[in-house]
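All chains are named by letter (A, B, ...) in the order of the sequence lines, taking the proteins before the strands, and each is independently numbered beginning at 1.
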There are 2 protein chains.
Amino acid sequence: MQLAGLDAASLKTVRVSVVDQLYATLRGAIIDNDLSPGARISETEIAQHYGVSRQPVREAFIKLANEGLLEIRPQRGTFVAKISRPAVMDARFVREAVEADIVKLLAQAPEPTLIADLRGHLVRQREIIGGSARDFMEADEAFHHTLAAGAGKENAWRVIVEMKAQMDRVRFLSSMHFSVARLVDQHTQLVDAIAAGDAVGAEQAIRSHLRGILQDLPIIEQEHPEYFR
Amino acid sequence: MQLAGLDAASLKTVRVSVVDQLYATLRGAIIDNDLSPGARISETEIAQHYGVSRQPVREAFIKLANEGLLEIRPQRGTFVAKISRPAVMDARFVREAVEADIVKLLAQAPEPTLIADLRGHLVRQREIIGGSARDFMEADEAFHHTLAAGAGKENAWRVIVEMKAQMDRVRFLSSMHFSVARLVDQHTQLVDAIAAGDAVGAEQAIRSHLRGILQDLPIIEQEHPEYFR
DNA sequence: CTCTCTTGACTTGTATGGTAGTATGCAAGA
DNA sequence: TCTTGCATACTACCATACAAGTCAAGAGAG
C-alpha cells in the first residue's frame, strides 16, 4: 500500500491530531483509487504502517465509514466501500439540486467582483487542458467552491464536498474519458449566464454540467465491475 | 440529565453495539433539547451514567460532532453545539433545494399508490392537531420520508435527515409558536399539486412550506439568546 | 490590594490488553 | 466426494491505563 504525505516521523511533530491526519490521508487515497473499492484494510495494519496505536486509526475509520467511503463489518473486517450506483446517483442528484439553487441566487444579483474571480478560475482551467486529471479536479473543486462561497453558503458547501467524494471516485476512474475542454466550456457558459443575470440559463447550465457523470457511470461500471457493489 | 430508553442493564443484553445505542440516545436528547445548546457533557460522566467505558462514549461523540450536534474542544471539554444561525439557514437551504427537486420528480409522474399513501399520512396528521409537538414532528418526518422514498431517493434522504437535525432543534423550541394545522394544510396543498401533475405548484408548495422556519428563527433567537452562538 | 506563578484537578488524546464473534483450512466421518 | 466438527488465526469491540493540554483557585511576592 502506498500512502503519500504522511510518515511515522512527521506524525509526532505536527500539531494536528493523529486522527485528522490519518483521516485526510486515507480519504485522499480512497478517492484517488490508491485504495481500490473492495480492498481490505485492517486497523492493525494501518496502525503499524504509521507507527501509531490502533485507536486513532479506528476513529479515522469511523469518520470515513460515516461518509460512506469505508464499510466496517463487525468482527469481520473493514473494507473500502464498493461504489454503489444508487449512492452515486443520489449524491449527484443532491449536488445538482443544491448547486442549481446556488447559481440561481448568484444570477439574481450578480456581483462584479465574484464574476471577475470566476473568470480568473476559467483562465487557469484553460491552462490545465491537456494536463493531469488530478490538477483539473482540484481546479474544478475550487471553482465550485467559489460559487457556493459567493452565495454565502459555506455550510452548504460541506454537503457538496461529501457528495463530491462519491462522485469523484467514479470521475477519477473515468479520467481517460471525459473531455476537460468540454467541462471548461460548460463552466464558461455558466459564468456568462450568471454575469448576464440569466437565472434560468445559469440553472440549466449547472444542471447540464452536473449530469455529465450520468454518461460516464455505465461505462465505468462496465469496465470495472469489480469496483461496484 | 434525563435520558430515557437506555439503562445499564439493557446495554449488555441487546445485540446492537453500545456506540450505536449511545449515539441514538444522545442524538434524541440533543434534538429534544433535553441536552441544551452550550451544555457541557464529558466522556467520563456519560460513561459512568451508563456503566460503560469511555471509549464507546467517545466514538458516539465523534459521530455527533461530525453531524454538527456536538463540539469537541481538545483538552477542554465537549459541549452541545450552540445553534448557529448560518448553519440552520444553510441546512434549510439545502433541504429546500433537494426536496424541491424531489417533488418535481413526483409531480412529473404521479403514482396513484404513492398519492394514496401520502393522503393516509395527511389523515393521521389531522388527528394529531392539538396533540404533542413531538408526535407531530414524527409524523412530519414520516411524511417527508415518504416523499423521498417515493422518488427513489433513499440515499438522498440521509442528507435531509442530517439537515433536519439542525432545524428540528429550533423547531422544538418553537413548538408553542407554529401552527400544526397550517403545516398540515401546506402538506395537503403539496399532495394535491403532485396528484394533479402540477410540478410548478408542487415545487412552490414545498419551498413555501420549508421557508416557515425563517419566521420562527429570529423569534427563537430573541427568546433564547443563550442557545445561540 | 494586585499581580504572578504554581499547583492540581479537570479535560480529551493515545496506547495497550482482553474478549467475543467470524472466516478458513484441515481432518475425521458419512 | 461431500459434509461436519474443530483448531486456529484473524477481526472489530470494549475496558483500562497513561500522556498531555487547559483552566481556575490559591499562595506568595510586590
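- Legend: residues meeting ring-ring contact (aromatic ring centres under 6.0 Å, His included) with Tyr227(A), ordered by chain and number and at least two apart, are His224(A).
- For Glu43(A), the side-chain atoms get nearest to dA12(D) when compared with the rest of dG13(C), dG18(C), dA12(D).
- For the ring pair (Phe, Tyr, Trp, His ring centres under 6.0 Å) condition, the pairs that include at least one residue of residues 143-171 of chain B, sequence neighbours left out, are Phe143(B)-His187(B), His144(B)-His187(B), His144(B)-His209(B), His145(B)-Trp157(B).
- Straight-line distance from the OH atom of Tyr23(B) to the P atom of dC13(D): 16 Å, rounded to whole Å.
- To the nearest angstrom, P of dC10(D) lies 10 Å from CZ of Arg40(A).
- The distance from atom CG of Leu22(A) to atom C1' of dT14(C) is 12 Å, rounded to the nearest whole Å.
- The main-chain N or O of Glu162(A) is never found under 3.5 Å from a side-chain atom of Glu67(A) such that the two would form a donor-acceptor pair.
- Atoms CZ (Arg54(B)) and C1' (dA19(D)) sit 11 Å apart, rounded to a whole Å.
- Atoms CD1 (Ile46(A)) and P (dT11(D)) sit 11 Å apart, rounded to a whole Å.
- Atom pair Ile41(B):CD1 and dT12(C):P shows a separation of 9 Å (rounding to whole Å applied).
- For Asp32(A), the side chain to side chain donor-acceptor pair (under 3.5 Å) criterion is met by Arg134(A), not counting sequence neighbours.
- Checked against dG13(C), dC14(D), dA12(D), the side chain of Ser42(A) finds its nearest nucleotide in dA12(D).
- A heavy atom closer than 4.0 Å to some atom of DNA chain C occurs in Gln75(A), Arg76(A), these being the qualifying members of residues 72-79 of chain A.
- Here Asp101(A) pairs with Arg207(B) in a salt bridge; the nearest charged N to carboxylate O distance falls below 4.0 Å.
- Considering only residues two or more places apart in sequence or on other chains, Gln55(A) meets the side chain to side chain donor-acceptor pair (under 3.5 Å) condition with Glu59(B).
- The side chain to side chain donor-acceptor pair (under 3.5 Å) test applied to Asp117(B) returns no partner, not counting sequence neighbours.
- Among residue pairs with one or both ends in residues 56-103 of chain A, none qualify as ring pair (Phe, Tyr, Trp, His ring centres under 6.0 Å); sequence neighbours excluded.
- For Gln48(B), there are no side chain to side chain donor-acceptor pair (under 3.5 Å) partners, not counting sequence neighbours.
- Shown for residues 55-71 of chain B: residues whose heavy atoms fall under 4.0 angstrom of DNA chain C, namely Gln55(B), Arg58(B).
- Within the 4.0 Å cut-off from OP1 or OP2 of dA15(D), at least one side-chain nitrogen or oxygen of Ser53(B) is found.
- Of the candidates dT11(C), dC14(D), dG13(C), the closest approach to any side-chain atom of Val18(B) belongs to dC14(D).
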